[in-house]
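Each ligand, and each atom within it, is numbered from 1 in the order the structure gives. We number each residue from 1, following the sequence as shown.
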Amino acid sequence: MGLLAAAELPEWSWWTWRAAAAACLVVVVLHVAARVADALWWRPRRLEAHFARQGVRGPPYRFLLGCVTEMVALMADAAARPMSPPDSHDALPRVLAFYHYWRKIYGPMFLIWFGPTPRLTVADPELVREVLLTRADAFDRYEAHPVVRQLEGDGLVSLHDDKWALHRRVLTPAFFPDNLNRLAPHVGRSVAALAERWRAMAAGAAGGEVEVDVAEWFQAVAQEAITRATFGRSYDSGRAVFRMQARLMAFASEAFRKVLVPGYRFLPTKKNRLSWSLDREIRRGLVELIGHRSDEAVDEDVNDDKGTNSNGFRDLLGLMINAAGAGEKKAAQPAIPVADMLEECKTFFFAGKQTTTNLLTWATVLLAMHPDWQRRARREVLAVCGGADELPSKDHLPKLKTLGMILNETLRLYPPAVATIRRAKRDVVLGAAAAAAAVSVPRDTELLIPIMAMHHDAALWGADATEFDPGRFAGGASRAAAHPLAFIPFGLGPRMCIGQNLAILEAKITLAVLLQRFELKRSPNYVHAPTVLMLLYPQYGAPVIFRPISSSPPPSD
Ligand code: HEM
């Protein structure tokens, strides 16, 4: 039968073959064009209609660009305007300008378009609980842009599934409070050294006080702490590597500003070539360091199988090196390959340094803006830790309640991470428990959780939501607002910040050391202008005046 059919086939001329091939090509081209048109036009329109039927609307989708043009314009316009009034803490309209603007038109849950990708805003704490905590398995962390990944590293922040679970399990012991407490004396000494430099600068200056840009100077404090947390007793070699990493990050954040120039990061510009060579140096340095540590672990048994140093401190690198495949000893293939350890070091450097620097910066600026709270905090520090001759210790930290409240209020009004994003791995119905408010979210929709908007929401925090009042945290963070999850500066659920205990330890010690030694004053050069570039920054820096307390008695109430 098959042979007969073949014999009966007509003999095609060259022209017939050509016509058939052209027809096939046309079909393929039409198919691809239909797919592209569907992805760039029909699918967005279908999704718009899907959400509109559920009462969720938003700015209209525009071909290819979505609403990126309007968003960029709203953000640029906000960044060009001063705060009004100048010292107001009502920073949301400036920082998340597009969210503030569209929320007024469409309500707290609306749909925006990042190109053809739909992004739904979710700011209701009950729905946020579902996305980040109770149904976290249905959502994935969002894939950051490659330029951002270059900054963040391909570590814990961006890992998924089993690999993420392994890394999280291995690294978590480094952040147990008893382990972090071992860092307290190092942090205290590094801030005291900084304070000594400022005191010397003030002594040589007219008026006996000094103005410093704390946004710049605090980087050194945060870098020191994360270097110790990562490398432990290999601190000196680690410090050299992280210094190069700091330079690399300065170049990478410049590239981040040019993120809209496609392929910019591949161009062999002078700075890009320097970045590539720094990157190679960093990798070489880290590989060498890991090699030394692995050899030591085998030869001298200085680390036990829990990654503990001989001095009792569990550093991140030691934990990764010692995470030999399930229960095996040192010579076994490590469960975390060297290439992945390198990425983790990069991730921790970024996540641990910038976020904490921002917290320290905003807390110091707020203390300078609110002398009444500064005096209360100083009284507490002097009573608990003693004067400038004493360094605050781990035992003092839980007793610094007022300082804890001030840090919470800082994280509420100026959260370093202003938002987080998730992507639905499958079709999900959110809010099913309250059927009237349920929203069906199709697979691949991104969800934007505007942390800062939740923190500034008058419905959750009361009419004084944009006032600085640390007293609202007197009964604890979960009782400060109308909903226990209204305050989420470190996120929520399984992907909650692993480094939050370290950040709070650093912040409490740093502020305690400074309050023991200085009166903090608002500088006439400070322009209050919070803005976002990945994290929340003071747009024009954060100059603060430090007046040594011994040169004039501490201001009385
Ligand atoms: C004030 C300081 C900090 C703030 C406000 C902050 C904020 C956050 C937030 C909001 C998340 C969750 C993101 C999400 O769910 O999408 C997060 C995750 C993370 N943070 Fe922090 N962070 C701070 C300090 C630190 C420090 C000091 C470290 C490291 C030592 C660190 C390392 C990380 C890592 C590795 C993750 C990813 C965790 C995972 O996905 O398993 N952070 N942080």
Is it true that E380 and T402 share a donor-acceptor pair across their side chains at a distance under 3.5 Å? yes
Would the number of heavy atoms belonging to other residues, nucleotides or ligands and lying under 6.0 Å from CZ of R479 be above 12? no
Anything under 3.5 Å between an N or O on ligand 1 and a protein N or O? List each pair with its distance, or write none.
residue  : atom   : partner : partner atom : Å
ligand 1 : 15 (O) : R422    : NH2          : 2.8
ligand 1 : 16 (O) : R141    : NH1          : 2.6
ligand 1 : 16 (O) : T420    : OG1          : 2.4
ligand 1 : 16 (O) : R422    : NH1          : 2.9
ligand 1 : 40 (O) : R495    : NE           : 2.9
ligand 1 : 40 (O) : R495    : NH2          : 3.0
ligand 1 : 41 (O) : W164    : NE1          : 2.7
ligand 1 : 41 (O) : R168    : NH1          : 2.7

Six-ring centre of Y235, R228 cation under 6.0 angstrom, axis tolerance 45°: yes
Y99 ring center within less than 6.0 Å of F110 ring center: yes
Parallel, tilted or perpendicular for H370 and H89, by the 30°/60° rule? tilted
Hey, would you say the H455 and Y414 ring centroids sit under 6.0 Å apart? no
